[in-house]
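Only one structure is covered here, and it is reproduced in the block below.
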Amino acid sequence: MLESYPLRRSAPRRPAHGAGATLLVVAATAAGIGWLYLLRDLGALAAGPRVPASLPLQRLAGGDAQPLVRVAVAWLSAGLAAGVALTMITELSRAARGLAIAAIAWVVLFASGAASDAITASEPLGGHVWPQLDRGATWLACGLMALAALIPSSRTRPDGAGVATRRGVGVSGAP
């Protein structure tokens with residue numbers, strides 16, 4: 001017979017969970033960029049005002065600004081995917097999950113934006129770091145991801161009756 005113990009509401013139980021969660025958010029952020037490129041290439045959702053610097057690598061081609069609806073769909077999708085993933089592997093509260101996703105996404109987008117600007121200008125990275133703080137597209141993307149990350153509910157029952165087995169086989173209602 002498998003021994004069981006009650007699920008607790010806390011941060012990731014092991015450092016590996018924290019590293020895995022971070023990697024999932026980094027992957028979701030990269031996917032958000034990919035989705036934005038895909039939507040652009042399809043010409044889909046071209047509605048709303050243009051958001052400057054949404055695709056920094058497209059600056060030289062004049063395609064860095066993207067329509068707001070396209071940007072919103074890409075980043076809300078990325079945030080929802082990240083939120084679902086973190087819900088499955090961590091026991092973070094909704095607020096902590098949203099904050100963690102926004103922070104990690106901001107670091108990824110800040111760094112990639114600076115690198116993209118340096119590449120498109122053929123200049124050293126140093127001069128492109130601080131201007132990233134003024135990039136509204138970065139802040140918008142992080143905010144949309146955090147907002148969508150709040151959608152998934154907790155994976156445990158509100159009364160705390162969910163129980164996980166030691167081998168991780170599943171959840172049962174028995175204490």
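Side chains included, hydrogens not; waters and symmetry mates left out as well; all remaining heavy atoms used.
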Problem - Residue pair D117 / P56: nearest heavy atoms and the distance that separates them - result: OD1-CB, 3.9 Å
Problem - Point-to-point distance, once rounded to the nearest 0.5 Å, from CD of Q132 to OG of S116 - result: 8.0 Å
Fill in the blank from the handout: Distance col, row R94:CZ vs L86:CG, nearest 0.5 angstrom, shows 13.5 Å
Problem - ILVMFWY cluster, V69 and L36 together (side-chain gap under 4.5 Å) - result: no
Practice task
Answer with yes or no whether the hydrophobic clustering places W130 together with W106; edges join I, L, V, M, F, W, Y residues whose side-chain heavy atoms lie under 4.5 Å apart.
Solution key: yes
Handout entry: Nearest atoms (heavy-atom pairs only) where A105 meets C142
Key = C-SG, 3.8 Å
Practice task
Identify the heavy atoms of G98 and A146 that sit nearest to each other, and give their distance.
Solution key: O-CB, 3.5 Å
Exercise for the section: Decide, yes or no, whether a salt bridge links D64 with R135 under the criterion of side-chain N to carboxylate O below 4.0 Å. Expected result: no
Practice task
Could you tell me whether the side chain of V25 reaches within less than 4.5 Å of the side chain of V108, counting heavy atoms only?
Solution key: no
Handout entry: CD-CD distance between Q58 and Q66, expressed to the nearest 0.5 angstrom
Key = 8.0 Å
Fill in the blank from the handout: Closest heavy-atom pair, R70 versus A44, reported as atoms and distance to 0.1 Å, is NE-O, 2.8 Å
Handout entry: R97 and T90 side chains, donor-acceptor separation under 3.5 Å
Key = no
Problem - Ring center gap for W35 and W75 short of 6.0 angstrom - result: no
Exercise for the section: Start with the C-alpha distance between M88 and L24, add both sets of side-chain angles, then the distance that settles side chain to side chain contact (heavy atoms under 4.5 Å, CB included), and finish with yes or no. Expected result: CA-CA 11 Å; M88 293 174 66; L24 283 169; over 6 Å; no
Problem - Working for side chain to side chain contact (heavy atoms under 4.5 Å, CB included), residues L99 and L92 - result: CA-CA 10 Å; L99 182 61; L92 293 171; over 6 Å; no
Fill in the blank from the handout: To the nearest 0.5 Å, atom CD1 of I104 lies from atom CG of L23 at 9.0 Å
Problem - Distance-minimising heavy-atom pair for S54 and V71 - result: OG-CG2, 3.6 Å
Practice task
Give a yes or no on whether L144 and Y37 share a hydrophobic cluster (residues Ile, Leu, Val, Met, Phe, Trp, Tyr; joining criterion: side-chain heavy atoms under 4.5 Å apart).
Solution key: yes
Problem - Residue pair I33, L109: steps toward the side chain to side chain contact (heavy atoms under 4.5 Å, CB included) verdict - result: CA-CA 9 Å; I33 295 168; L109 293 173; 3.8 Å; yes
Fill in the blank from the handout: Tightest non-hydrogen contact, residues I101 and A149, listed as CD1-CB, 3.3 Å
Practice task
Would you give the length of the straight line joining atom CH2 of W139 to atom CG of D134, rounded to the nearest 0.5 angstrom?
Solution key: 10.0 Å
Handout entry: Linked, directly or transitively: L38 and V73 (ILVMFWY side chains, under 4.5 Å)
Key = no
Practice task
Starting at CD1 of I119, measure out to CG of L57 and round the result to the nearest 0.5 Å.
Solution key: 6.0 Å
Handout entry: Hphob cluster co-occupancy, V107 + V129, side-chain heavy atoms under 4.5 angstrom
Key = yes
